[in-house]
Amino acid sequence: MAKVELKNVCKSYEKKVEIVKNINLEVNDKEFIVLVGPSGCGKSTILRMIAGLEEITDGEIFIGEKVVNNVHPKDRDIAMVFQNYALYPHMDVYDNMAFGLKMRKFKKDVIDKRVTEAAGILDLTEYLHRKPRQLSGGQRQRVALGRAIVRDPQVFLMDEPLSNLDAKLRVQMRFEIKKLHDTLKTTFVYVTHDQVEAMTMGDRIVVLNGGVIQQADTPEQIYNWPENIFVAGFIGSPAMNFIETQILPDKTIKLGNQTIYPDDNLNAVIHNNDLIGKKVTIGIRPEHFSLNSNGIKVIPELVEMLGSEKLIHFNLEDKKTVAKLSSDKEVTTGEEITLAPDVSKILVFDSETGKRFKAF
């Protein structure tokens with residue numbers, strides 16, 4: 001097993017277009033870390049550089065204690081799982097899983113033992129003699145995982161492995177991959193653009209944008225205490241609401257017809273950052289609104305029913321805003337309601353830099 005470390009890693013094409021900018025990241029031994037961000041943020045490029053499929057422009061990559069900048073991909077002791085499965089259609093499941101070991105001249109009994117064990121872990125034993133075309137998408141992805149497992153690598157690298165599956169299968173496979181990590185106790189580096197995958201699977205999440213790490217932390221910390229507006233808006237569905245306002249001389253905040261009186265934490269944020277009289281951006285997650293007779297008067301423009309929840313769309317300070325309520329709440333489009341934000345959950349951001357103001 002091994003940790004993975006990136007030190008000042010950069011990637012640019014023709015010395016002009018910077019894709020990855022001075023990345024410093026340490027993935028601990030046996031950790032499951034998820035790289036997440038929008039298309040073009042550099043997450044897959046980072047994974048490919050770790051794998052050796054992409055040359056780095058500058059910096060160093062360590063696997064274990066060894067610098068692998070100039071080490072061939074096959075000698076890095078990693079296994080990679082792609083989104084398109086990359087199975088050989090003319091081979092059955094057994095041969096697909098065994099192929100890499102055969103190419104490395106492993107003995108037949110060793111190959112058989114490893115394939116049989118991997119098939120057992122992934123519930124593929126009864127499918128070993130089927131061709132890929134006879135399998136479902138989820139089963140094919142498990143075969144791709146099995147092919148990686150039999151190599152017994154130090155590090156698993158996964159590049160959006162669930163993106164070709166339907167919603168139900170993605171949920172099932174998230175569970176399967178997380179269970180696999182718990183069973184193998186190996187280092188996993190997982191790339192996705194899906195924040196739900198990131199939140200449910202990662203021990204830590206690395207949020208990237210524009211080739212730069214915006215925040216690397218536990219799912220709970222990233223969700224509750226995002227470092228900046230980008231992270232706050234990217235993680236969470238529906239996204240966090242952002243409203244530009246001003247901190248009044250008495251430290252209160254005016255939202256619509258309601259005056260927000262800060263709690264101790266919000267008071268500390270205002271005091272320690274000298275925010276009185278300044279324009280700021282406040283962030284409120286949709287689930288942190290509640291129906292309250294003393295709340296902000298709003299008129300719902302759209303009510304979306306999501307089974308156990310309702311999404312209420314309305315305008316607040318000329319901003320499109322969303323509240324998430326339980327489905328048993330009576331809310332009708334066009335009929336005024338009053339919503340109160342949970343003051344203890346309000347975050348305050350610098351409108352210019354996007355950084356979150358902290359209490360201490």
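Bear in mind that the values here come from a model prediction, so they are computed numbers and not experimental data.
In terms of modelled atom types and a separation under 3.5 Å, the side chain of Glu31 and the main chain of Asn28 share a donor-acceptor contact. Between the side chain of Gln214 and the backbone N or O of Leu208 there is no donor-acceptor pair closer than 3.5 Å. Within the 3.5 Å criterion, the main-chain N or O of Asp274 finds a donor-acceptor partner in the side chain of Lys278. For Lys319 (side chain) and Leu316 (main-chain N/O), no donor-acceptor pair under 3.5 Å exists by modelled atom type. Side-chain atoms of Gln134 come within 3.5 Å of backbone N or O of Lys131 as a donor-acceptor pair. At least one donor-acceptor pair under 3.5 Å links the side chain of Arg147 to the backbone N or O of Tyr85. Without hydrogens or angle criteria, Asn69 side chain to Gly59 main chain gives a donor-acceptor distance under 3.5 Å.
The hydrophobic clustering, which links ILVMFWY residues whose side-chain heavy atoms are closer than 4.5 Å, places Val110 and Met103 apart. A continuous path of Ile, Leu, Val, Met, Phe, Trp and Tyr side chains, each step under 4.5 Å between heavy atoms, connects Leu266 with Ile276, placing both in one hydrophobic cluster. Residues Val155 and Val206 fall within the same hydrophobic cluster, defined by Ile, Leu, Val, Met, Phe, Trp and Tyr side chains chained together at heavy-atom separations under 4.5 Å.
Val207 places a side-chain heavy atom less than 4.5 Å from the side chain of Ile222. Within the 4.5 Å cutoff, side-chain heavy atoms of Glu227 are placed close to those of Arg356. Residues Ile299 and Glu335 form no side-chain contact, since every pair of their non-hydrogen atoms from C-beta on lies 4.5 Å or further apart. Considering only heavy atoms from C-beta on, Lys43 stays 4.5 Å or farther from Val36 through its side chain. Inter-residue side-chain proximity for Cys10 and Ile23 is flagged as unmet; no heavy-atom pair is nearer than 4.5 Å. Looking only at side-chain heavy atoms (C-beta outward), Arg170 and Met173 stay at 4.5 Å or farther from each other. The closest side-chain heavy-atom distance from Gln215 to Pro226 is below 4.5 Å. Using a 4.5 Å heavy-atom cutoff, the side chains of Ile243 and Thr281 are not in contact.
At most 12 heavy atoms of other shown residues, nucleotides or ligands fall within 6.0 angstrom of atom CD in Glu352. The environment of CG in Asp109 is crowded: more than 12 heavy-atom neighbours from other residues, nucleotides or ligands sit within 6.0 Å. Around CG of Asp318, the count of heavy atoms belonging to other residues, nucleotides or ligands within 6.0 Å does not exceed 12.
Residues satisfying the side chain to side chain contact (heavy atoms under 4.5 Å, CB included) criterion with Thr245, sequence neighbours excluded, are Ile253, Val280, Ile282. Gln139 pairs by the side chain to side chain contact (heavy atoms under 4.5 Å, CB included) definition with Tyr127, Leu135, Ser136, Arg142, not counting sequence neighbours.
Residue Val303 comes nearest to Ile312 through the heavy atom pair CG1-CD1, 3.9 Å, listed as atom of the first residue, atom of the second, then distance. The minimum heavy-atom distance linking Ile78 with Pro73 is given by the pair CG1-O, 4.3 Å. The heavy-atom pair separating Leu162 from Glu197 by the smallest distance is CB-OE2, 3.7 Å. The shortest heavy-atom contact between Gly236 and Tyr223 is CA-CE1, 3.9 Å. The two residues Ile260 and Pro341 make their nearest non-hydrogen contact at CD1-CG, 3.6 Å. The minimum heavy-atom distance between Phe230 and Pro38, with the atom names listed, is CZ-CD, 3.7 Å.
Remark: Lys345 does not engage Glu287 in a salt bridge, criterion side-chain N to carboxylate O under 4.0 Å. Ion pairing of Lys66 with Glu5 is absent here, as no side-chain N (NZ or NE/NH1/NH2) approaches a carboxylate O to less than 4.0 Å. Look at Asp203 and Lys178 and you find a salt bridge, because one of the NZ, NE, NH1 or NH2 atoms lies within 4.0 Å of a carboxylate O, short of that distance. A salt bridge is defined here as a Lys NZ or Arg NE, NH1 or NH2 lying under 4.0 Å from an Asp or Glu carboxylate O, and Lys3 with Glu26 meets this definition.
Atoms CD1 and NZ, on Ile337 and Lys297 in that order, are 13.0 Å from each other to the nearest 0.5 Å. For the atom pair OG of Ser12 and CD1 of Ile19, the computed distance is 8.5 Å after rounding to the nearest 0.5 Å. Rounding to the nearest 0.5 Å gives a distance of 6.5 Å between CD1 of Ile177 and CD of Gln141. Considering CD1 of Ile205 and CE of Met199, their distance stands at 5.0 Å, rounded to 0.5 Å. The CG atom of Leu325 sits 8.0 Å away from the OG atom of Ser290 when rounded to the nearest 0.5 Å. With values rounded to the nearest 0.5 angstrom, Leu53 atom CG is found 8.5 Å from Leu157 atom CG.
Between Phe32 and Tyr190, the ring planes are tilted. Angles from 30° to 60° get that label. Between His90 and Tyr88, the two ring planes are perpendicular [angle over 60°; tilted spans 30° to 60°]. Taking the six-membered ring where the residue is Trp, Phe188 and His181 present perpendicular rings, their angle passing 60° and hence far from 30°.
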Residue pair Ser237, Gln195: steps toward the side-chain contact (heavy atoms from CB on, under 4.5 Å) verdict: CA-CA 9 Å; Ser237 181; Gln195 52 160 304; 4.0 Å; yes

Worked verdict on Val143 versus Leu124 for side-chain contact (heavy atoms from CB on, under 4.5 Å): CA-CA 8 Å; Val143 176; Leu124 288 171; 4.0 Å; yes

Candidate pair Glu54 and Lys11, rule salt bridge (charged side-chain N to carboxylate O under 4.0 Å, His left out), full reasoning: CA-CA 9 Å; Glu54 195 88 52; Lys11 176 66 180 180; 3.7 Å; yes

Salt bridge (charged side-chain N to carboxylate O under 4.0 Å, His left out) between Asp328 and Lys310, worked out: CA-CA 9 Å; Asp328 60 353; Lys310 285 178 179 175; over 6 Å; no

From CA spacing to verdict: side-chain contact (heavy atoms from CB on, under 4.5 Å), Met97, Ile149: CA-CA 9 Å; Met97 290 171 65; Ile149 291 170; over 6 Å; no

side-chain contact (heavy atoms from CB on, under 4.5 Å) evaluation trace for Ile284 with Leu347: CA-CA 7 Å; Ile284 307 170; Leu347 302 179; over 6 Å; no

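A donor atom on one side chain and an acceptor atom on the other are found under 3.5 Å apart for Thr200 and Arg174. Between the side chains of Asp159 and Ser44, at least one donor-acceptor pair of N or O atoms lies under 3.5 Å. Side chain to side chain, Asp112 and Tyr94 meet the donor-acceptor criterion of an N or O pair below 3.5 Å. Side-chain contact, Glu301 with Asn315: a donor N or O sits under 3.5 Å from an acceptor N or O. When only modelled atom types and interatomic distance are considered, Ser308 and Ser327 share no side-chain donor-acceptor pair under 3.5 Å. A donor-acceptor pair shorter than 3.5 Å cannot be found between the side chains of Asn8 and Asp58. Side chain to side chain, Thr192 and Asp194 fail the donor-acceptor criterion of an N or O pair below 3.5 Å.
Results of the side-chain contact (heavy atoms from CB on, under 4.5 Å) test with Leu25 over Val4, Leu35, Ile61, Ile46 single out Leu35 as the only residue that passes.
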